[in-house]
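See below for the structure under consideration.
All residue numbers refer to positions in the sequence shown, counting from 1.
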Amino acid sequence: MAGARRLELAEALALGPGWRHACHALLYAPDPGMLFGRIPLRYAVLMQMRFDGRLGFPGGFVDTQDSSLEDGLNRELREELGEAVAAFRVERADYRSSHAGSGPRVVAHFYAKRLTLEQLLAVETGATRAKDHGLEVLGLVRVPLYTLRDGVGGLPTFLENSFIGAAREQLLEALQDLGLLESGSVSGLKIPARH
């Protein structure tokens, strides 16, 4: 990931005082829906439009009162997505990666949590009542996991948006590693370079 150094979790946790930890989560669920009755959706993957106009994943900084990274992440999810997140908990088993940026002393931890479609729909429905809705979070968006016949519409066009930090790379890595795309790989896509 551009400008960031990948760390093992133990190494990230041992960085010591002066480092802040931020945790974010990709929430996804199997989705049997069909776009226009012919394009399989396969999975619903959530991202959010942030206050700064960039796309990112829900989450935020871990506070000193949080007893673990996951406690901080789950608190942030409640603040940003609402009470529907009480139906599940992001755990250490959902952890994917940690990266230390080249700028301020922040290490970003990334998680991916598989939900049921009902849980994901409840999150989408309740998000407008969340504490941070309209403030830190301007709304939720689903990632289109398909490419239209023109070879551009769908995921390739979605990836041309502006993403915060490493969110674009985290998304692509998770889509590939979790097998969320039909081919199980992002290598066949015409993916625009990051601007």
Side-chain angles (χ1 to χ4, degrees), residues 1-2 24-59 73 76-78 80-90 94 96-97 110-130 132-134 136-195:
M1 295 181 188
H24 295 86
L26 178 150
L27 302 177
Y28 70 102
D31 186 345
M34 299 285 279
L35 179 63
F36 308 126
R38 61 180 169 77
I39 301 170
L41 298 179
R42 301 197 63 229
Y43 290 91
V45 175
L46 293 183
M47 292 191 79
Q48 63 186 21
M49 179 59 68
R50 296 164 32 95
F51 64 93
D52 58 7
R54 292 184 272 185
L55 292 170
F57 294 103
L73 175 55
E76 283 286 341
L77 293 178
R78 278 189 308 280
E80 294 184 1
L81 301 177
E83 292 306 314
V85 302
F88 60 89
R89 181 173 165 76
V90 178
D94 302 310
R96 304 217 26 92
S97 63
F110 185 60
Y111 296 74
K113 179 71 175 178
R114 183 179 174 134
L115 306 177
T116 66
L117 186 56
E118 293 74 22
Q119 289 171 322
L120 188 131
L121 291 171
V123 168
E124 287 180 317
T125 302
T128 59
R129 294 185 300 279
D132 288 343
H133 181 77
E136 289 182 33
V137 179
L138 301 181
L140 295 178
V141 296
R142 287 193 186 189
V143 178
L145 300 182
Y146 47 81
T147 301
L148 298 178
R149 279 189 225 157
D150 64 5
V152 177
L155 184 58
T157 296
F158 182 83
L159 293 171
E160 291 181 10
N161 285 295
S162 180
F163 292 80
I164 185 70
R168 182 183 189 273
E169 292 83 2
Q170 290 168 327
L171 171 64
L172 290 171
E173 185 177 284
L175 292 178
Q176 178 147 351
D177 292 351
L178 297 170
L180 301 185
L181 296 175
E182 190 168 29
S183 65
S185 169
V186 294
S187 59
L189 291 174
K190 295 177 186 169
I191 297 172
R194 187 172 187 191
H195 303 290

Spacing of [atom1] belonging to [X] relative to [atom2] belonging to [Y], to within rounding of 0.5 Å:
X	Y	atom1	atom2	value
Asp52	Glu136	CG	CD	10.5 Å
Leu81	Arg129	CG	CZ	12.0 Å
Gln119	Arg114	CD	CZ	11.0 Å
Leu159	Leu172	CG	CG	5.0 Å
Glu80	Leu140	CD	CG	9.5 Å
Asp132	Leu77	CG	CG	11.0 Å

Looking at [X] and [Y], what are the two nearest heavy atoms and their distance?
X	Y	answer
Pro156	Gly151	CG-O, 4.0 Å
Met47	Ala167	CE-CB, 4.2 Å
Val90	Lys113	CG2-CB, 4.1 Å

Heavy-atom side-chain contact between [X] and [Y] under 4.5 Å:
X	Y	value
Phe88	Val123	yes
Leu55	Met49	yes
Ile39	Leu148	yes
Leu178	Tyr43	no
Phe110	Glu169	no
Arg42	Leu180	no
Asp177	Arg96	yes
Leu175	Leu155	yes

Identify the residue among Leu171, Ile164, Leu46 that makes a side chain to side chain contact (heavy atoms under 4.5 Å, CB included) with Phe57.
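It is Leu171; the other options fail the test.
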Show every donor-acceptor pair shorter than 3.5 Å between a side-chain atom in residues 24-36 and any protein atom, with sequence neighbours excluded, or say none if there are none.
from, atom 1, to, atom 2, distance (Å)
Asp31, OD1, Gly33, N, 2.9
Asp31, OD2, Arg142, NH1, 3.0

Checking Ser162 side chain against Arg54 main chain: does a donor-acceptor pair fall under 3.5 Å?
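Pair absent, no side-chain N/O of Ser162 close to backbone of Arg54.
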